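A quick write-up on the structure given underneath.
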Number of protein chains: 2
Amino acid sequence: MSSGSNQPNRKPTINDVASQAGVSKKTVSRVINGSQGLSVTTRERVEQAILALGYVPNPQARALALGRNFAIVLLHDNPNAQTVQNFERGILDAIRHSELALMVRPVDRRSPAMLDDVAAFLQQQRPIGAIILPPISERDEIGALCRSMGVRFVRVGSAALDDDDHSVTSTDRIAVTEACRLLIAMGHRRIGFVRGPQGFRSAAERELGFHAAMEAAGLPVPPDYSAQGDYRFESGRSAGRLLLSLDPRPTAIFASNDEMAAGVMHAAFERNLQIPRDLSLVGFDDSPTATHVWPSLTTVRWPIRDMGVLAAEKLVGDFLPSRRFSSDFVHLPSELVERASIAPPPVA
Amino acid sequence: MSSGSNQPNRKPTINDVASQAGVSKKTVSRVINGSQGLSVTTRERVEQAILALGYVPNPQARALALGRNFAIVLLHDNPNAQTVQNFERGILDAIRHSELALMVRPVDRRSPAMLDDVAAFLQQQRPIGAIILPPISERDEIGALCRSMGVRFVRVGSAALDDDDHSVTSTDRIAVTEACRLLIAMGHRRIGFVRGPQGFRSAAERELGFHAAMEAAGLPVPPDYSAQGDYRFESGRSAGRLLLSLDPRPTAIFASNDEMAAGVMHAAFERNLQIPRDLSLVGFDDSPTATHVWPSLTTVRWPIRDMGVLAAEKLVGDFLPSRRFSSDFVHLPSELVERASIAPPPVA
DNA sequence: TCATGGATTGACACCGGTGTCAACGTGCGT
DNA sequence: ACGCACGTTGACACCGGTGTCAATCCATGA
């Protein structure tokens, strides 16, 4: 078995196809790349040979010749695994049946070497493009870096971060306003707010949405009804303890993400408050946690998977056999998901 | 700027290093790869040139020459995003400072074309190795596939799946036994069990651990005290409804993962049962959900990140500058995390 | 009838590494 | 002084594609 026949079944190369079809390898290359100016008969002959041999181009060779890897990178430093994975899924949905591969690259936003790491990575791997998730998508240097290295990029965010060709956003602010309007319509007047971490665009957007709703209803937002959080469970619990110790205490609280909302829940339960009887609660993200807690959490669903699809299509639409979104699409709607954690306020 | 100087600052190649050091490119290649039989002076000269130019080998060119991509793939079809991401993190910890890249490849276990997909992917990308997560790691065909394509692989599981060189496992069964022993020691006699999906090794292991504890204590396990689940929230809720409608009903329930445990919680709350006063509950995974629910869930922590490190080291230890585990390490301990969801049973 | 030009196609170098094998210089035994 | 083995190095082809440019073919107009 080891000797005898020459290379029993190695993968066919462009040369095999060329000789099988009786043309030069360059012509095969033209067929693969769908170049103009090939006679129909030649093209067909080559296509037949490709089919007959089951030929698939070697991505490594192309990468070397073109100085570009047929891959896109997902750059992220997102604490929420579910979010990242939904994005992955969306991107993979989009690039399925294409010749592209996905590489995932978590980075450390707190490291001073972060930009250098990214630069080295792009330099090494030479991907076609990068999709950058929040919060690091908010740093303009990353876009600049990609530009300077000739790597296409799309920044994902809660609000426009770049020109439309380079951003995909969801309508967070509007969705938050809508959620708060619902609370107000139910009769809530004292609504507390748990902020996301400072310096995050998404956090700012959610807060703007909150203030918009309150202002539109002519309701005051005393400073102590806003508590600082950092998107993590513990910070939500602390913020909740703070807000619930106020007098009069809020009858509803909007937390800037589900994890912090779960923390607020703990704070409420610690004080023997019932949800939603004594306190209405709204989160943001529609993470698994939102359905797992009791009562299940009213929240805002981020269209993450669709955003992944859209981001990928924006980035490498020219490589994809089909698209779901038109190319000038940018904003995807976040929507309110009503569950069991809200109710009219207790009659005072 | 566009004309004038020739290639202002392209990336240096092996040729640049070679001429800078006054040697042939092959010699540079030898230095890069740490080959034997180079004179010290030559090696030093080349190393200086490399440093001076800031040369980094081009992975695409190597991939072409060697017919191998300097990357490892994470193959998974795991419903739990957190689990997958923790694995990613572990793997990335291990391959940091190496020249390897990580590609993530989710697959669809239910698709009949799954194996073909994987084969095509490996054929295309030609990674050095693959790390395969449960549940697909339990399918022997994947190991066989990797073997036949010359791709190294490590299968991750809850019990030995292959020879030690190809598996990394956690001690799930022992940890479950320990958890149940704790319940028994608290005084519980009627303990319900929510099974994981059929055909999953991890599900079988957890069930074995449960039975081992019960048997050791001489406690019966009536068949209707075991309910079928599929690792998803909804199935946990259904199973919980079933178990809690029994008479006498169990005073404690072990759910084979946290998500199902959250479902059981919902079932308990629906019946106005309090946890842990009326029902003790234990989950498995230590997912974010376990800390977010109220009361927080006693669960078993899977050493996922460490398993990622170990799997990567097992797979490509020869490429890594340093290792954390010795090469014959295989089993990593899962450990019980005690939280607020268990207590002695109510006095009848 | 022959020059002209556009449409097709191929020859060849190149991308940046690695494998093979021969060539070189050195120290040794005789 | 010579042949030899060995340690060290380089020349060259090759991995499997793509870019450049020239060669070929055919139809057209003078």
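Keep in mind that the numbers below use all heavy atoms, side chains included, and drop hydrogens, waters and symmetry copies. Numbers restart at 1 for each chain; the letters A, B, ... are given by sequence-line order, proteins then strands. The model shown is predicted, which means the values in this text are computed figures rather than measured ones.
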Pick base, sugar-phosphate or nothing for B/Pro59, based on heavy-atom distances below 4.0 Å to the nucleic acid.
-> nothing
Just by distance, with hydrogens left out, do B/Thr41 and B/Ser39 show a side-chain donor and acceptor under 3.5 Å apart?
-> yes
Where do B/Ser98 and B/Leu320 come nearest, in terms of heavy atoms and distance?
-> CB-CD2, 3.9 Å
Does B/Thr27 make a side-chain N or O approach to OP1 or OP2 of D/dT9 shorter than 4.0 Å?
-> no
Using modelled atom types only, decide if a donor and an acceptor are shared between the side chain of A/Arg201 and the backbone of A/Glu138 within a distance under 3.5 Å.
-> no
Please report, rounded to the nearest Å, how far the P atom of D/dG16 is from the CG atom of B/Asn69.
-> 14 Å
Considering just the side-chain nitrogens and oxygens of B/Arg62, establish if one lies under 4.0 Å of OP1 or OP2 belonging to C/dT18.
-> yes
Regarding the side chain of A/Ala65, the nearest nucleotide among D/dG16, C/dG16, C/dA11 is D/dG16
Atom-to-atom span, CG of A/Asn15 to C1' of D/dT18 - whole angstrom | 13 Å
Counting only side-chain N and O atoms of A/Ser39, is one of them less than 4.0 Å from OP1 or OP2 of C/dT9?
-> yes
Check whether any side-chain N or O of B/Ser29 sits under 4.0 Å from OP1 or OP2 of C/dT18, and answer yes or no.
-> yes
For B/Ala63 against A/Gln60, the heavy-atom pair lying closest together | CB-CG, 3.3 Å
Pick base, sugar-phosphate or nothing for A/Asn33, based on heavy-atom distances below 4.0 Å to the nucleic acid.
-> sugar-phosphate
Checking only heavy atoms, does the side chain of B/Lys25 share a donor-acceptor pair with the base of D/dG10 at less than 3.5 Å?
-> no
Specify the separation, in whole Å, of atom CG of B/Leu66 and atom C1' of D/dG16.
-> 14 Å
Nearest-Å distance for atom pair CZ/P, residues B/Phe70 and C/dG17 | 12 Å
Has A/Thr42 got a side-chain N or O lying under 4.0 Å from the OP1 or OP2 atom of C/dT9?
-> yes
Test item: B/Lys314 and B/Val330 side chains (from C-beta on) under 4.5 Å apart, heavy atoms | yes
If you look at every strand shown and take non-hydrogen atoms under 4.0 Å, does B/Val28 touch a base, only sugar-phosphate, or nothing?
-> nothing
Taking atom P of D/dG7 as reference, at what distance in whole Å does atom CD of B/Gln36 sit?
-> 11 Å
Spacing between B/Leu38 atom CG and D/dT8 atom P, to the nearest angstrom | 8 Å
Side-chain donor/acceptor of A/Arg30 to base of C/dG10, under 3.5 Å = yes
Under 4.0 angstrom, heavy atoms only, what part of the nucleic acid is A/Leu64 near: base, sugar-phosphate, or nothing?
-> base
Return yes if some donor-acceptor pair links the side-chain N/O of A/Asp93 with the main-chain N/O of A/Val309 below 3.5 Å, else return no.
-> no
Between D/dG17 (C1') and A/Lys11 (NZ): distance, integer Å = 12 Å
Have a look at A/Ile32 and say if it touches a base, only the backbone sugar-phosphate, or nothing, with a 4.0 Å heavy-atom cut-off.
-> nothing
Which part of the nucleic acid does A/Tyr55 contact within heavy-atom distance under 4.0 Å: base, sugar-phosphate only, or nothing?
-> sugar-phosphate
Starting at atom CZ of B/Arg68, determine the distance to atom C1' of C/dG17, rounded to an integer number of angstrom.
-> 16 Å
